[in-house]
Amino acid sequence: MIVPWQQIDPDTLDNLIKEFVLREGTDYGAVEISLQSKIDQIKKQLESGDAVVVFSELHETVDIQLKNRF
């Protein structure tokens with residue numbers, strides 16, 4: 001189930017994004033990108049609709065996924 005990111009408490013959303021970025025790994029090529037830049041990129045993807053927050057009732061988990069993968 002897609003959860004509208006606008007309905008998530010801002011601090012909770014920030015923590016969710018940070019956890020997602022840290023879990024996704026650090027292979028970003030030859031140029032190192034700061035944690036804050038990665039977080040900002042995910043926020044922009046949520047705002048543009050390219051990424052969505054997904055709640056799995058079966059697993060009782062929340063995740064961020066690219067919309068085209070969902």
Exercise. Should Lys44 and Asp50 count as an ion pair when the cut-off is N to O under 4.0 Å?
Worked result: no

All N/O donor-acceptor pairs, side-chain side in residues 4-12, below 3.5 Å, sequence neighbours left out:
from	atom 1	to	atom 2	distance (Å)
Trp5	NE1	Leu46	O	3.1
Asp9	OD2	Asp11	N	3.1
Asp9	OD2	Thr12	N	3.3

Problem set entry | Atom of Phe20, atom of Asp63 and distance for their closest heavy-atom approach | CD1-OD1, 3.8 Å

I need the [X] [atom1] to [Y] [atom2] distance, nearest 0.5 Å.
{"X": "Gln45", "Y": "Gln41", "atom1": "CD", "atom2": "CD", "answer": "7.0 Å"}
{"X": "Lys18", "Y": "Ile42", "atom1": "NZ", "atom2": "CD1", "answer": "14.5 Å"}
{"X": "Ile17", "Y": "Lys38", "atom1": "CD1", "atom2": "NZ", "answer": "14.5 Å"}

Problem set entry | Donor on one side chain, acceptor on other, Glu19 and Asn15, under 3.5 Å | no

